[in-house]
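Since the structure comes first, as structure tokens, the remarks are kept for the end.
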Amino acid sequence: QVQLVESGGGLVQAGGSLRLSCAASGRTFSTYGMGWFRQAPRKEREFVAGISRTSTTYYVNSVKGRFTISRDNAKNTVYLQMNSLKPEDTAVYYCAADVAFGIATTSDQYDYWGQGTQVTVSS
């Protein structure tokens, strides 16, 4: 069983930055693919960014050039640095762990989920 705990959400003005963190339990964190998803009110959960066990990164087009995903295996933590935030980035952001796939961009490929952290971007 893997437990994921997100932190770092909050309220920020448009153009600002936030860094989300996701701390994972377990001794095999380095073998997991990790991802960030988000869900805005009345919308489906969408993939935002992912990082494979070999640190290959991939992003949804709407955040490319603004968001950066990274991982620190020594700390069992994955990060999402979000710059140039826009009101449409407002959502609950979820961290997820994938124990089987090399590159995972859909929610059904992930096995464990955090509780989510709210990000609100004001205009």
Side-chain angles (χ1 to χ4, degrees):
Q1 190 76 7
V2 177
Q3 292 186 324
L4 303 172
V5 179
E6 301 101 333
S7 61
L11 173 65
V12 64
Q13 288 187 331
S17 299
L18 283 174
R19 188 175 83 153
L20 305 183
S21 299
C22 172
S25 65
R27 294 176 292 179
T28 56
F29 174 79
S30 63
T31 68
Y32 304 153
M34 299 297 296
W36 286 96
F37 288 73
R38 65 187 179 188
Q39 187 166 19
R42 298 173 298 281
K43 292 188 176 181
E44 293 188 356
R45 188 173 299 189
E46 68 166 346
F47 171 79
V48 176
I51 185 166
S52 73
R53 63 197 72 182
T54 58
S55 294
T56 300
T57 59
Y58 35 105
Y59 302 90
V60 68
N61 285 339
S62 60
V63 308
K64 284 182 180 177
R66 300 189 299 123
F67 290 12
T68 302
I69 188 171
S70 61
R71 67 189 301 160
D72 185 338
N73 290 337
K75 295 182 178 180
N76 278 18
T77 301
V78 63
Y79 303 97
L80 185 68
Q81 177 67 44
M82 305 186 294
N83 298 328
S84 302
L85 282 161
K86 305 175 181 180
E88 51 263 44
D89 295 318
T90 295
V92 176
Y93 282 70
Y94 297 91
C95 169
D98 145 43
V99 300
F101 295 91
I103 296 177
T105 60
T106 60
S107 57
D108 61 350
Q109 293 176 299
Y110 285 85
D111 304 284
Y112 301 100
W113 293 82
Q115 81 290 350
T117 185
Q118 176 70 46
V119 171
T120 303
V121 184
S122 63
S123 58

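Here the structure is a predicted model, which is why all the values come from computation and not from measurement.
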Exercise for the section: Might you work through the side-chain contact (heavy atoms from CB on, under 4.5 Å) test for Arg45 and Trp113, ending with a clear yes or no? Expected result: CA-CA 12 Å; Arg45 188 173 299 189; Trp113 293 82; 3.2 Å; yes
Handout entry: Ring geometry between Phe67 and Tyr93 (parallel below 30°, tilted from 30 to 60°, perpendicular above 60°)
Key = tilted
Handout entry: Side-chain donor or acceptor of Tyr94 paired with backbone N/O of Gly35 under 3.5 Å
Key = no
Practice task
Give the C-alpha distance, both sets of side-chain angles, the deciding distance and a yes or no for side-chain contact (heavy atoms from CB on, under 4.5 Å) between Gln3 and Tyr112.
Solution key: CA-CA 7 Å; Gln3 292 186 324; Tyr112 301 100; over 6 Å; no
Practice task
Supply the atom-to-atom distance Phe37 CZ to Ser107 OG, rounded to the nearest 0.5 angstrom.
Solution key: 5.5 Å
Handout entry: Backbone of Gln115 reached by a side-chain donor or acceptor of Glu6 within 3.5 Å
Key = yes
Practice task
Looking only at non-hydrogen atoms, find the nearest pair between Leu4 and Ala24 and report the distance.
Solution key: CD2-CB, 3.5 Å
Problem - Within one Ile-Leu-Val-Met-Phe-Trp-Tyr cluster: Ile103 and Val78, side-chain cutoff 4.5 Å - result: no
Practice task
Kindly indicate whether a cation-pi arrangement holds for Arg66 with Tyr59, taking the cut-offs as under 6.0 Å to the six-membered ring centre and within 45° of the axis.
Solution key: no
Practice task
Measure across Ala91 and Ala40 and return the closest heavy-atom pair with its distance rounded to 0.1 Å.
Solution key: CB-N, 3.8 Å
Handout entry: In one Ile/Leu/Val/Met/Phe/Trp/Tyr side-chain cluster, 4.5 Å: Val60, Leu20
Key = yes
Practice task
Check for a donor-acceptor pair, side chain of Asn83 on one end and backbone N or O of Ser17 on the other, with a separation under 3.5 Å.
Solution key: no
Exercise for the section: Please round to the nearest 0.5 Å and tell me the distance separating atom CG of Asn76 and atom CE of Met34. Expected result: 9.0 Å
Handout entry: Donor-acceptor under 3.5 Å (Thr90 side chain, Val121 main chain)
Key = yes
Practice task
Assess whether side-chain contact (heavy atoms from CB on, under 4.5 Å) is satisfied between Ile51 and Thr56, documenting all intermediate values.
Solution key: CA-CA 5 Å; Ile51 185 166; Thr56 300; over 6 Å; no
Problem - Shared hydrophobic cluster, Val12 / Leu80 (ILVMFWY, side-chain heavy atoms < 4.5 Å) - result: yes
Exercise for the section: Take atom CD of Glu88 as the centre, draw a 6.0 Å sphere, and report whether it contains more than 12 heavy atoms from other residues, nucleotides or ligands. Expected result: yes
Fill in the blank from the handout: Minimal heavy-atom distance between Thr106 and Asp108, with the atoms involved, is OG1-OD1, 2.6 Å
Handout entry: Under 3.5 Å donor-acceptor, Thr77 side chain and Asp72 backbone
Key = no
Problem - Any donor-acceptor pair under 3.5 Å from Arg38 side chain to Val119 backbone - result: no
Exercise for the section: State whether the side chain of Tyr32 and the backbone N or O of Arg53 hold a donor-acceptor pair below 3.5 Å, judged by distance alone. Expected result: no
Fill in the blank from the handout: All heavy atoms of Thr105 vs all of Tyr110, minimum pair found to be N-CE1, 4.4 Å
Handout entry: Arg19 charged N/C atom sitting above Tyr79 aromatic ring, 6.0 Å / 45°
Key = yes
Exercise for the section: Any chance you could measure Trp36, atom CH2, to Met82, atom CE, to the nearest 0.5 Å? Expected result: 8.0 Å
Completion exercise
Heavy-atom closest pair (Asp98 atom, Ala100 atom, distance to 0.1 Å) is OD1-N, 2.8 Å
Exercise for the section: Begin from the C-alpha positions of Gln81 and Ser70 and carry the test side-chain contact (heavy atoms from CB on, under 4.5 Å) through to its verdict. Expected result: CA-CA 8 Å; Gln81 177 67 44; Ser70 61; over 6 Å; no
Exercise for the section: Work out which heavy atom in Ala104 is nearest to a heavy atom in Gln109; give both atom names and the distance. Expected result: CA-OE1, 3.2 Å
